[in-house]
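Sharing a structure below in structure tokens format, with a few things to ask.
Nothing here was measured: the structure is a model prediction, and the numbers come from that model. Throughout, a chain's letter reflects where its sequence line sits, starting with A, and its residues are numbered from 1.
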2 protein chains.
Amino acid sequence: MTVTLADVAARAQVSPATVSRVLNGNYPVAASTRERVLKAVDELDYVLNGPASALAAATSDLVGILVNDIADPFFGIMASAIQGEIGGPGGRAGGERLAVVCNTGGSPERELTYLTLLQRQRAAAVVLTGGAIEDAPHKAATDAKLRKLADAGTRVVLCGRPQAPETGAVALTFDNRGGGQELTEHLIGLGHRRLGYIAGPLERTTTRHRLEGHRAALAAHGIGEDARWTVHGQYDRRSGYEATLELLRRDPTLTAVVAANDSVALGACAALRDSGLRIPDDVSVAGFDDLPFSIDVVPALTTVRLPLAEAGARAGRIAMGREEAPAGGIAVVRGELMVRGSVAGPRG
Amino acid sequence: MTVTLADVAARAQVSPATVSRVLNGNYPVAASTRERVLKAVDELDYVLNGPASALAAATSDLVGILVNDIADPFFGIMASAIQGEIGGPGGRAGGERLAVVCNTGGSPERELTYLTLLQRQRAAAVVLTGGAIEDAPHKAATDAKLRKLADAGTRVVLCGRPQAPETGAVALTFDNRGGGQELTEHLIGLGHRRLGYIAGPLERTTTRHRLEGHRAALAAHGIGEDARWTVHGQYDRRSGYEATLELLRRDPTLTAVVAANDSVALGACAALRDSGLRIPDDVSVAGFDDLPFSIDVVPALTTVRLPLAEAGARAGRIAMGREEAPAGGIAVVRGELMVRGSVAGPRG
DNA sequence: CCCTACATAGAAAGCGCTTGCTGTGACGTT
DNA sequence: AACGTCACAGCAAGCGCTTTCTATGTAGGG
């Protein structure tokens, strides 16, 4: 039914071994023979059996990219950059690798299961993107899995995720804390003293780090914390909308709202507008990430730009062994404050 | 080194066959035996060798999702929905399948190569999303590949892509033409007579269909075409920005700009604003797709909502054989006009 | 002109798993 | 009491490829 290596061999009048060598090109084969084989491959429309070759060679060309939410451009952009370097077909990489992105949906179980599936497929490399879950048992399980993958020869790279010591994984972490701090300092510098903060889900490292940065800035300027000023939610627009209404309810005198990311900030803007407040005249709004749309909303969003594409590309190269891992297995990627129209000094 | 089925069998004092059956669960195994095996699996931390089992069983649990641009939410949303139904780990599907999304970047070659790679992996199903390329040779090559995949037992589903007759693929196509027409009719109904159109890349079916709908609406109302009113570009913001400036240069009296999609519309808005024109007072702007951010820009974008998530979910179910394919192998998914603030009657 | 060296090609042993077919006791039947 | 039935478990034959080792023909070297 399906064409196999043996069929090609028969047609080209050579042994299967020779065909395999022509296809893999890591063994001398006479030019004339190679040509004959290639011709047979073409005529028979032969397609290598991936599983069989992976089994025999004990390696596969699969590279896994784990993302928390593929519908979120934050991950889309990173995934795109990673995949661009992995080569996938057409990449300058040459060796054809199948870069696949796996959507965990932020669920620890799915993350673990995907990791197992990838391990099962003997993936050549795995890149995990975005914040990690801070649940201890889950972290232990994930780390153990990463360790096992690394031991089995799979290259593991963390992109935009904190380092996981002892796992053998290379980490490119974002300086969420520093970025958050810089952003809030900017607001404080403009005179804001009552700042609401819309944080992401509690158990994510990203959430915690950004919030810590925010608080560090407040503390540095002697601004006392008010528990009412922080609300947790998801990393999406709707959550930002609702959280903002809640914030306004708790303290209508806030002069600025800092959001955990740009999508949340968008929701915040909508909520403020719907509440009859002008941005930035009545309330300033800031986001995080600097996703493409952030410059297009009106007023344009003040935010912290994360070099998503650059970091992703680097992670991809490291995963392919095409770039050396940073010293100590970790590199911190800094964000850049983008000051735009959504922020101004407090009214009055 | 690595633990194999045989190791588990030895430890559980059974034959490899039994272990395999316990793991696959499609053959009666005594409860006590099963338990013993499971215990051994656990103790040994055994992970099935994917390639080996795929080879032996002649099937794999890989499902490929091809997207044109993973950084674009349009695809991210569909991919997310598809993956949700594929099950991936954690999905209600049960059978654990590895849903992988492959980013073609809109390149015909990459699309083809990914298809080959998927074929090589003996993928269980493949879902192709978004517009197809209209280049004849490429279409022929793709169709042939799809046909081959289908013949090999891979379920092929097209989501948001025109039908590919003779390939055995099921298609869920978006009614881009109808949506485009409805949108433009709405503008005409408001009194617009001079409408600029920013189309997508020439060779995409999506581009052509939307444009055809637009023109059909113009024709239906006796509005003559003016070649100056159509500009082609990419499906991104920047392209929209530049195209709008070009449009304005060609005819400053336009009262409306219809964009190929929401991202382009965003760029158009920015260009208009930068040109000192108010939206919708001076110029109305409309998009297509209704991506999440479209409701957040100011003014909110009038656009055609495509049920991306619903269509994706359905495509996923069909790919999994969990929902019957539509009669004739094709279903047309209609868009819905969303009238919002970015459109008003022409000034004066 | 014989011998060593090299360049190729083939033979064959797996890689780790699935599965059709073949036992083998324990039961239920007549 | 002899025998057909089940319910399980094991045997063993691959699945299609890679790769080590070996064979062969040819080209130099002495």
Item to check | A:Arg322 and A:Glu85 ion-paired at < 4.0 Å | outcome: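 Salt bridge between A:Arg322 and A:Glu85, a charged N being under 4.0 Å from a carboxylate O: yes.
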Checklist entry - To the nearest Å, how far apart are B:Arg34 CZ and D:dA9 P? => result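 So the CZ-P distance, B:Arg34 to D:dA9, works out to 9 Å.
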Next on the checklist: Please determine whether a side-chain nitrogen or oxygen atom of A:Ser53 lies at a distance below 4.0 Å from atom OP1 or OP2 of D:dG16.
Outcome noted: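 A:Ser53 to D:dG16 OP1/OP2: no side-chain N or O under 4.0 Å.
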Next on the checklist: Would you say A:Ser15 and A:Thr18 are linked by a side-chain donor-acceptor pair, where the criterion is simply a distance under 3.5 Å?
Outcome noted: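 Yes, side-chain donor-acceptor contact under 3.5 Å.
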Checklist entry - Got a donor-acceptor pair under 3.5 Å from the side chain of B:Arg21 to the base of C:dG20? => result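 Donor-acceptor pair under 3.5 Å: yes.
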Checklist entry - Among D:dT19, C:dG16, D:dG10, which nucleotide sits nearest the side chain of A:Ala17? => result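 Nearest to the side-chain atoms of A:Ala17, counting from C-beta on, is D:dT19.
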Checklist entry - C:dG10 phosphate, OP1 or OP2: any side-chain N/O from A:Thr18 under 4.0 angstrom? => result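 Yes, within the criterion.
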Next on the checklist: side-chain contact (heavy atoms from CB on, under 4.5 Å), that's the test. Do B:Thr129 and B:Leu66 meet it? Break it down for me.
Outcome noted: CA-CA 6 Å; B:Thr129 65; B:Leu66 265 66; 5.7 Å; no
Item to check | B:Glu323, CD atom: more than 12 neighbouring heavy atoms under 6.0 Å | outcome: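 Atom CD in B:Glu323 is packed in, count exceeds 12.
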Item to check | Presence of donor-acceptor pair under 3.5 Å, side chain of A:Tyr27 and base of C:dA9 | outcome: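 Looking at the base of C:dA9, it does pair with a donor or acceptor on the side chain of A:Tyr27 (distance under 3.5 Å).
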Checklist entry - Between atom CG in A:Asn24 and atom P in D:dT19, what is the gap in whole Å? => result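 After rounding, the gap between these two atoms is 7 Å.
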Item to check | Integer-rounded Å distance: C:dA12 C1' and A:Leu5 CG | outcome: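 Result: 15 Å.
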Item to check | Out of D:dC8, C:dT18, C:dA12, whichever nucleotide has its closest atom nearest the side chain of B:Pro28 | outcome: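 Comparing D:dC8, C:dT18, C:dA12 against the side chain of B:Pro28, the answer is D:dC8.
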Next on the checklist: I need the CG-P distance between B:Asp7 and C:dG16, as an integer number of Å.
Outcome noted: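 Rounding to the nearest Å, CG of B:Asp7 and P of C:dG16 are 9 Å apart.
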Checklist entry - Contact class for B:Val19 vs. all strands (heavy atom < 4.0 Å): base, sugar-phosphate, or nothing? => result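 Nothing: the residue B:Val19, judged by heavy atoms under 4.0 Å, touches no strand.
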Item to check | B:Leu55 CG - C:dG16 P separation (whole Å) | outcome: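 In whole Å, C:dG16 P lies 12 Å from B:Leu55 CG.
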Checklist entry - Do B:Pro326 and B:Val170 have side-chain heavy atoms sitting under 4.5 Å apart? => result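 B:Pro326 vs B:Val170: side chains touch.
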Checklist entry - Between A:Asn49 (CG) and D:dG14 (P), how many Å, whole number? => result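 A:Asn49 atom CG is separated from D:dG14 atom P by 18 Å.
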Checklist entry - What's the CG-P distance between B:Asn26 and D:dC8, to the nearest Å? => result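 So the CG-P distance, B:Asn26 to D:dC8, works out to 14 Å.
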Checklist entry - Of all the nucleotides listed (D:dG10, C:dA9, D:dT19), which has the minimum atom distance to the side chain of A:Ala57? => result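 Shortest atom-to-atom distance from the side chain points to D:dT19.
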Checklist entry - Are OP1 or OP2 of D:dG16 and a side-chain N or O of A:Thr4 less than 4.0 angstrom apart? => result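 Indeed not, no polar side-chain atom of A:Thr4 lies that close.
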Item to check | Sugar-phosphate only, base, or nothing, as touched by A:Ala30 at under 4.0 Å among non-hydrogen atoms | outcome: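 Sugar-phosphate: the residue A:Ala30, judged by heavy atoms under 4.0 Å, touches backbone atoms but no base.
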Checklist entry - When the nearest nucleotide of DNA chain C is assigned to A:Thr33 and to A:Arg122 on a heavy-atom basis, which residue is associated with the more 5' position? => result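 Closest to the 5' end, via its nearest nucleotide, is A:Thr33.
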Next on the checklist: Can you tell me which nucleotide in C:dG16, D:dG10, C:dT19 comes closest to the side chain of B:Ser20?
Outcome noted: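 The listed nucleotide nearest to B:Ser20's side chain is C:dT19.
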